[in-house]
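Counting starts at 1 for both ligands and their atoms, in listed order. Heavy atoms only: backbone and side chains are in, while hydrogens, waters and symmetry mates are out. Remember, predicted model here, so these are calculated numbers, not experimental data.
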Amino acid sequence: MKDKKVFLKNFGCQMNARDSEVVKGLLLAEGYKLVDDAKAADIILFNTCSVRQHAEDRVWSGIGNIKDQGPKKPIIGIIGCMAQNYKKEIFKRAPAVDIVCGPSNIDNLALYLEEAIRSKEQILGADEKTRRDDIYHTGFYEDKVHAYVVISEGCDNFCSYCVVPYVRGRLRHRDHAKILKEIKGAVSQGVADITLLGQNVSSYADGSVDFTRLLKMASEIPGLKSLSFLTSHPKNTKQELFKIMAQTPVIKKQLHLPIQSGSDKVLKAMNRGYTVKKYIEMVDQYRGIVYNGKLSTDIIVGFPKETEKDFEKTFSLVREVKFDAAYIFKYSSRPNTKAAGYEDDVLPEIKQRRHAELLKLQKEISRSKTY
Ligand code: SAH
Ligand code: SF4
Ligand code: F3S
């Protein structure tokens with residue numbers, strides 16, 4: 001496989017960005033070369049996202065855009081969350097695709113590539129399994145300063161709108177000693193700004209090591225310059241976390257705490273496991289304990305049966321809490337999820353208006369905070 005040129009494009013979240021890096025590290029170790037130009041590549045890989053319809057549409061059109069590159073068509077591999085979501089349906093919809101490889105199978109990607117090149121057959125790997133931990137230790141990081149370090153894979157929360165538990169599988173925690181080893185390895189290369197990554201970091205557990213303990217242990221690694229983490233779930237984020245943040249200089253004073261909606265009725269239908277009151281109490285606690293702590297959030301507008309009143313509640317919550325940043329999404333019905341069984345009854349133009357109103361409000365808040 002020596003010298004085969006690989007182009008990899010990433011779609012999706014930080015978890016996918018880290019997986020893309022893992023794939024690059026593994027393929028480099030096998031002798032592949034990385035290229036920035038799809039036209040120069042023998043192999044084109046898309047690491048895909050299924051979280052909203054829009055994310056998938058971008059990938060389908062990306063596949064459509066790979067024109068025949070002369071006499072030899074590149075090998076096309078669809079990896080990541082869409083691969084898991086659609087499995088062999090991808091071959092039907094896009095016959096030019098050679099490999100479909102779900103997130104749990106990226107540790108086998110080099111084998112799939114060899115097989116696809118040799119046999120010219122379409123290859124599918126979409127099991128639900130734990131990946132080999134050594135994939136995290138190739139030492140390849142895109143950035144010279146900052147790295148994401150995965151602490152858990154998958155998610156068990158089953159928020160009713162969310163496809164992640166179906167495409168990333170059940171929650172699995174990485175061994176804490178291996179996480180610490182990976183961080184030490186990165187720091188020894190000078191990559192000393194680390195973000196711990198999981199769909200719900202607050203639920204991390206490896207024997208007696210819970211998230212706050214892991215954070216404390218990581219913070220003590222010599223040479224580490226900065227430590228942060230993503231994402232905290234309001235239902236099991238604890239005051240103890242805020243105390244450790246406040247006491248530990250190396251930990252960034254930054255919390256991403258997705259609220260999703262300001263209406264208890266909607267939160268319940270989303271299966272989020274907290275109320276608005278509890279969320280606000282948590283924010284007060286955080287701001288009381290972590291001096292000058294930054295706070296960001298995610299919000300979905302237009303969830304099924306979200307009324308104007310529900311939306312107004314979200315609007316006033318955003319005005320009240322004054323987030324430093326808010327990522328606002330229009331609800332998108334996802335296959336297999338519980339909410340896919342509800343009628344997607346908020347009209348597109350209403351979703352659009354609610355989205356625009358919240359964006360405008362958040363922009364004003366962000367602007368007022370910078371002065
Ligand atoms: N595990 C993280 C991130 C999950 S995906 C968490 O729980 O916060 C990132 C964001 O995408 C979510 O916070 C949510 O706001 C949004 N999202 C997820 N599914 C969605 C859907 N079906 N439609 C619109 N937005 C969605
Ligand atoms: Fe999706 Fe909820 Fe898990 Fe986040 S916590 S990944 S929103 S199911
Ligand atoms: Fe991330 Fe999208 Fe998968 S948000 S976990 S890449 S569905």
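Residue contacts with ligand 1: Ser332 is placed with a nitrogen or oxygen under 3.5 Å of a nitrogen or oxygen of the ligand (distance criterion only).
A donor and an acceptor atom, one from each side chain of Gln84 and Arg168, are nowhere located under 3.5 Å apart. In this structure, a donor-acceptor pair under 3.5 Å is absent between the side chains of Tyr112 and Asp98. A donor and an acceptor atom, one from each side chain of Gln362 and Ser366, are located under 3.5 Å apart. Judged by distance alone, the side chains of Asn157 and Lys235 do bring a donor and an acceptor atom under 3.5 Å apart. With 3.5 Å as the limit, one finds no donor-acceptor pair spanning the side chains of Thr248 and Ser219. No donor-acceptor contact under 3.5 angstrom links the side chains of Asn200 and His233, judged on distance only. Judged by distance alone, the side chains of Glu56 and Ser50 do bring a donor and an acceptor atom under 3.5 Å apart. For the residue pair Ser232 / Thr237, no side-chain donor-acceptor distance below 3.5 Å is found, with atom types taken as modelled. Side-chain atoms of Tyr161 and Gln260 include a donor-acceptor pair closer than 3.5 Å. No side-chain N or O of Asn47 forms a donor-acceptor pair with one of Asp19 less than 3.5 Å apart.
Short contacts between ligand 1 and Tyr331, defined as distances under 4.0 Å to a heavy atom of the residue, involve ligand atoms 23 (N), 24 (C). Contact atoms of ligand 1 toward Arg334: 22 (N) (distance under 4.0 Å to a heavy atom of the residue). Heavy-atom contacts of Val51 reach the following atoms of ligand 3: 2 (Fe), 4 (S), 7 (S) (cutoff under 4.0 Å). Listed by number with element, the atoms of ligand 1 under 4.0 Å from a non-hydrogen atom of Arg52 are 11 (O), 16 (C), 17 (N), 23 (N), 24 (C), 25 (N), 26 (C). When each atom of ligand 1 is checked for a heavy atom of Pro258 under 4.0 Å away, the hits are 8 (O). Taking every heavy atom of Arg272 and a limit of under 4.0 angstrom, the matching atoms of ligand 1 come to 7 (O).
Summary of contacts: the protein heavy atom closest to atom 3 (Fe) of ligand 3 is Cys81 SG, 2.2 Å. The shortest contact between atom 7 (S) of ligand 2 and any protein heavy atom is with Tyr161 OH, 3.3 Å. The closest protein non-hydrogen atom to atom 8 (S) of ligand 2 is Cys159 N, 3.4 Å. Among protein heavy atoms, atom 5 (S) of ligand 2 sits closest to Asn157 ND2, 3.3 Å. Scanning the protein heavy atoms around atom 4 (Fe) of ligand 2, the nearest turns out to be Gln199 O, 4.3 Å. For atom 10 (C) of ligand 1, the closest heavy atom belonging to the protein is Asp298 OD2, 3.4 Å. Protein heavy atom closest to atom 3 (C) of ligand 1, with residue, atom name and distance, is Gln199 OE1, 3.7 Å. The nearest heavy-atom contact from the protein to atom 15 (O) of ligand 1 is Gln260 OE1, 2.7 Å. Annotation: atom 3 (Fe) of ligand 2 to nearest protein heavy atom, Cys155 SG, 2.3 Å.
Within the 4.0 Å heavy-atom cutoff, Lys330 counts among the residues contacting ligand 1. Residue contacts with ligand 2: Gln260 is excluded, as none of its non-hydrogen atoms falls under 4.0 Å. Taking a 4.0 Å cut-off on heavy atoms, Gln199 registers as neighbouring ligand 3. Taking a 4.0 Å cut-off on heavy atoms, Met15 fails to register as neighbouring ligand 3. Not a single heavy atom of Asn200 sits less than 4.0 Å from an atom of ligand 1. Put simply, no part of Val164 is less than 4.0 Å from ligand 1, judged by heavy atoms. In this structure, Ser50 has a heavy atom closer than 4.0 Å to ligand 3.
The residue Lys351 has no part lying near ligand 1, judged by heavy-atom distances below 4.0 Å. With a heavy-atom cut-off of 4.0 Å, Val51 touches ligand 1 through backbone and side chain alike. Under 4.0 Å from ligand 2, the heavy atoms of Arg272 that appear belong solely to its side chain. Contact annotation: for Tyr161 versus ligand 1, heavy atoms closer than 4.0 Å belong to both the backbone and the side chain.
Both tests pass for Lys9 against the ring of Phe11: distance under 6.0 Å to the centre and angle within 45° of the axis. Taking the ring centre of Tyr136 as origin, the terminal cationic atom of Arg174 falls inside the region bounded by 6.0 Å and 45° from the ring axis.
Residues His256 and Tyr327 are in side-chain contact: their nearest non-hydrogen atoms beyond the backbone lie under 4.5 Å apart. The closest side-chain heavy-atom distance from Val250 to Lys225 is not below 4.5 Å. At least one side-chain heavy atom of Arg172 sits less than 4.5 Å from a side-chain heavy atom of Thr130.
Relative orientation of the Tyr148 and His146 rings is perpendicular, given thresholds of 30° and 60° on the angle between their planes.
Of the options Cys162, Ser160, Pro234, the smallest heavy-atom separation from atom 1 (Fe) of ligand 2 is shown by Cys162.
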